[in-house]
Visitor: 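Starting off with a structure, shown below.
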Amino acid sequence: MIPSDRLHQIKERLEYVEARMSQGEGDIAALGREYAELKPVVATITDYEGLVADIAEAEAMLSDPEMKELAEEELPDLRARLPEAEHAVQLALLPKDAADSRAAMLEIRPGTGGDEAGLFAGDLARMYQRYAEARGWRWEVIEEQVSDLGGVKELTVRIAGEGVFARMKFESGVHRVQRVPETESGGRIHTSAATVAVLPEAEEVDIRIDPNDIRIDTMRSSGAGGQHVNTTDSAVRITHIPSGIVVTSSEKSQHRNREIAMQVLRARLFDLERSKADEARSADRKSQVGSGDRSERIRTYNFPQGRMTDHRIGLTLYKLDQIMAGDLDEIIDALIAEHQAALLAEMTA
């Protein structure tokens, strides 16, 4: 049974926020965000409470000879709907990740496997780009270094849109591929890997960087880098001395490169703070899905068998062509459901 006082508090909070907004009081932007978060929760609560009231009314009708037959017809359906309604409210009441609504920084790098790892990293980048396009998200390349064979040496992309980080955050980790490389003449299957990191975008108010903590170097871009690399001295490298994080940007404008590099640096520092906070809250446990460990092997793409396996939740799908074409919703929905189930288990433990 869901505590009615908790539900009442949430509905009262929505009324309070609505009143403040209508009167033009307080931080309107913050109130607007809270209102947007509370409104669907209250709608779910209202549906649940309406169903509970309908059940109580039908049960009361059982004692009325004239209404008993109608009540007996309605009650089985009403009671059958109750578990789903309760579950919907439980999900709505789960703690929210404050970063879920943010844009995300996607970073992809080749791992073990030489040139083939770089080619696979490029395949992953195209997979995510197609997924972003299908959802109507904006895909903005921040930094890209391409190998002579067309693979990815390093890629940083900003993805913006509705619910980007909420859906992309479980993609962080090591992605492994098993296939016959284009460079393999003997037809042997090779195993390679690429690392994916998904970071929530950070604002200046989230992370304040002391100018004394960074070193900014300008340099000339070098090596294969595709359309995003040039040969002027406009490339910028920023080193955050306390953490050792190094960020580079190689667009044509040195001023723009500073902006981009600082944007990426804030995201990495924000992610570092979030990781430390998560570790402090869960020192005695580790979420199977949401650990975000960059060294964890999370998924295998087996091309000869047309198979994708997500090792965290034991999900195997034989639709690799569709997945590589950006059809990721089935995987991401399953990861979110597993994460929600783990949170529910913690709340009821």
Visitor: To the nearest 0.5 Å, tell me how far Q178 CD sits from R307 CZ.
Guide: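 Nearest 0.5 Å value for the CD-CZ distance: 6.5 Å.
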
Visitor: Examine L78 and L82 and state if one hydrophobic cluster contains both, with Ile, Leu, Val, Met, Phe, Trp and Tyr joined whenever side-chain heavy atoms are less than 4.5 Å apart.
Guide: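 Yes, because L78 and L82 connect within a single hydrophobic cluster, where side-chain heavy atoms sit under 4.5 Å apart.
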
Visitor: Would you name the heavy atoms of G122 and V152 that are closest together and state the gap between them?
Guide: CA-CG2, 3.6 Å

Visitor: So does I245 get a backbone contact from the side chain of S243, meaning a donor-acceptor N/O pair under 3.5 Å?
Guide: yes

Visitor: I'd like to know if R215 pairs up with D217 as an ion pair, taking the criterion as any Lys NZ or Arg NE/NH1/NH2 lying under 4.0 Å from an Asp or Glu carboxylate oxygen.
Guide: yes

Visitor: Treating Ile, Leu, Val, Met, Phe, Trp and Tyr as nodes and any side-chain heavy-atom pair under 4.5 angstrom as an edge, say whether V247 and I216 lie in one connected cluster.
Guide: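 Shared cluster, yes.
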
Visitor: Does a side-chain heavy-atom distance below 4.5 Å link L75 with L62?
Guide: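 Yes; the side chains approach each other to less than 4.5 Å.
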
Visitor: In sequence, state the C-alpha distance, the side-chain angles, and the governing distance for T218 and R237, and then conclude on side chain to side chain contact (heavy atoms under 4.5 Å, CB included).
Guide: CA-CA 6 Å; T218 57; R237 179 176 61 213; over 6 Å; no

Visitor: With a 6.0 Å cut-off (strictly less than), is the heavy-atom count around NZ of K39, excluding the residue itself, greater than 12?
Guide: no

Visitor: Could you report the tightest heavy-atom contact between Y131 and G326, atom names first, then the distance?
Guide: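 Scanning both residues, the minimum pair turns out to be CD1-O, 3.2 Å.
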
Visitor: Do V246 and L199 land in one hydrophobic cluster if side-chain heavy atoms of ILVMFWY residues count as linked below 4.5 Å?
Guide: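 Unlinked, V246 and L199 end up in two clusters.
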
Visitor: Does the side chain of P211 come within less than 4.5 Å of D213's, by heavy atoms?
Guide: no

Visitor: Indicate whether any N or O donor in one side chain lies under 3.5 Å from an N or O acceptor in the other, for Y301 and D123.
Guide: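 No - no donor-acceptor pair under 3.5 Å links their side chains.
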
Visitor: Heavy atoms, side chains only, cut-off 4.5 Å: are P110 and F120 in contact?
Guide: no

Visitor: Output the distance between atom OH (Y48) and atom CD (E84), rounded to the nearest 0.5 Å.
Guide: 13.5 Å

Visitor: Are there more than 12 heavy atoms of other residues, nucleotides or ligands under 6.0 Å from atom CD of Q23?
Guide: yes

Visitor: Does D77 pair with R81 as a salt bridge, N-O distance under 4.0 Å?
Guide: yes

Visitor: Would you sort out whether I142 and Q263 count as a side chain to side chain contact (heavy atoms under 4.5 Å, CB included), showing the intermediate values?
Guide: CA-CA 10 Å; I142 299 298; Q263 186 181 27; 4.3 Å; yes

Visitor: A quick test of your reading: do over 12 heavy atoms of other residues, nucleotides or ligands sit less than 6.0 Å from CD of E12?
Guide: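 More than 12 within 6.0 Å, yes.
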
Visitor: Is it true that the side chains of T300 and R176 contain a donor and an acceptor less than 3.5 Å apart?
Guide: yes

Visitor: I'd like to know if L51 and M61 are part of one continuous hydrophobic network [Ile/Leu/Val/Met/Phe/Trp/Tyr, side-chain heavy atoms within less than 4.5 Å].
Guide: no

Visitor: Passes salt bridge (charged side-chain N to carboxylate O under 4.0 Å, His left out), K169 versus D100? Steps please.
Guide: CA-CA 8 Å; K169 62 184 177 182; D100 275 354; 2.8 Å; yes

Visitor: Surrounding CD of E162 (heavy atoms of other residues, nucleotides or ligands, distance under 6.0 Å), is the total greater than 12?
Guide: no

Visitor: Quick one: are the ring centres of Y128 and W139 less than 6.0 Å apart?
Guide: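 Ring centroids of Y128 and W139 are no less than 6.0 Å from each other.
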
Visitor: Would you find a donor on one side and an acceptor on the other, under 3.5 Å apart, between the side chain of K153 and the backbone of G151?
Guide: no

Visitor: Start with the C-alpha gap between L91 and T44, add the side-chain angles, then the distance that decides, and say whether side chain to side chain contact (heavy atoms under 4.5 Å, CB included) holds.
Guide: CA-CA 10 Å; L91 291 182; T44 303; over 6 Å; no

Visitor: How long is the straight-line distance from CD1 of I159 back to CD of E133, given to the nearest 0.5 Å?
Guide: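 E133 atom CD to I159 atom CD1 measures 10.5 Å (nearest 0.5 Å).
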
Visitor: Only one of I332, I336, V198 forms a side-chain contact (heavy atoms from CB on, under 4.5 Å) with F170, so which one is it?
Guide: I336

Visitor: May I ask you to test the T239-I214 pair for a side-chain heavy-atom distance under 4.5 Å?
Guide: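 They are not in contact (no side-chain heavy atoms under 4.5 Å apart), so the answer is no.
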
Visitor: When you check the gap from the basic side-chain N to the acidic O, do R130 and D327 get nearer than 4.0 Å?
Guide: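 Not counted as a salt bridge, because no side-chain N and carboxylate O are separated by less than 4.0 Å.
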
Visitor: Per the side-chain hydrogen bond (donor to acceptor under 3.5 Å, both in side chains) rule, which among E107, E273, H240 passes with R268?
Guide: E107

Visitor: Search all heavy atoms of A19 against all heavy atoms of S22 and return the closest pair with its distance.
Guide: O-OG, 2.8 Å

Visitor: Answer whether the closest heavy-atom distance between the side chains of D115 and S147 falls below 4.5 Å.
Guide: no

Visitor: I want to check something: taking the side chain as every heavy atom from C-beta on, are L31 and E25 in contact at a cut-off of under 4.5 Å?
Guide: no

Visitor: Show the numbers, then the answer: is there a salt bridge (charged side-chain N to carboxylate O under 4.0 Å, His left out) between E116 and R179?
Guide: CA-CA 10 Å; E116 165 64 6; R179 65 184 180 187; 2.5 Å; yes

Visitor: Rounded to the nearest 0.5 Å, what's the gap from CD on E72 to CE on M67? Could you check?
Guide: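 Here the interatomic distance stands at 12.0 Å.
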
Visitor: Does the pair E143 and L155 meet the rule for a side chain to side chain contact (heavy atoms under 4.5 Å, CB included), with working shown?
Guide: CA-CA 6 Å; E143 174 73 6; L155 177 69; over 6 Å; no

Visitor: Any side-chain heavy atom of W137 within less than 4.5 Å of one from Q129?
Guide: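 No. Closest side-chain heavy atoms not under 4.5 Å.
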
Visitor: Are F303 and V177 packed together at the side-chain level, in the sense that at least one heavy-atom pair is separated by less than 4.5 angstrom?
Guide: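 The answer is yes; the side chains approach within 4.5 Å.
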
Visitor: Say you draw a straight line from CG of L315 to CG of L335; how long is it, rounded to the nearest 0.5 Å?
Guide: 7.5 Å

Visitor: For the OG1 atom of T195 and the CD atom of E154, what is their distance to the nearest 0.5 Å?
Guide: 11.5 Å

Visitor: Scan R102, R158, R266 and name whichever one has a side-chain hydrogen bond (donor to acceptor under 3.5 Å, both in side chains) with E201.
Guide: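 Option passing the side-chain hydrogen bond (donor to acceptor under 3.5 Å, both in side chains) with E201: R158.
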
Visitor: Taking everything shown except K319 itself, do over 12 heavy atoms lie less than 6.0 Å from its NZ?
Guide: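 More than 12 within 6.0 Å, yes.
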
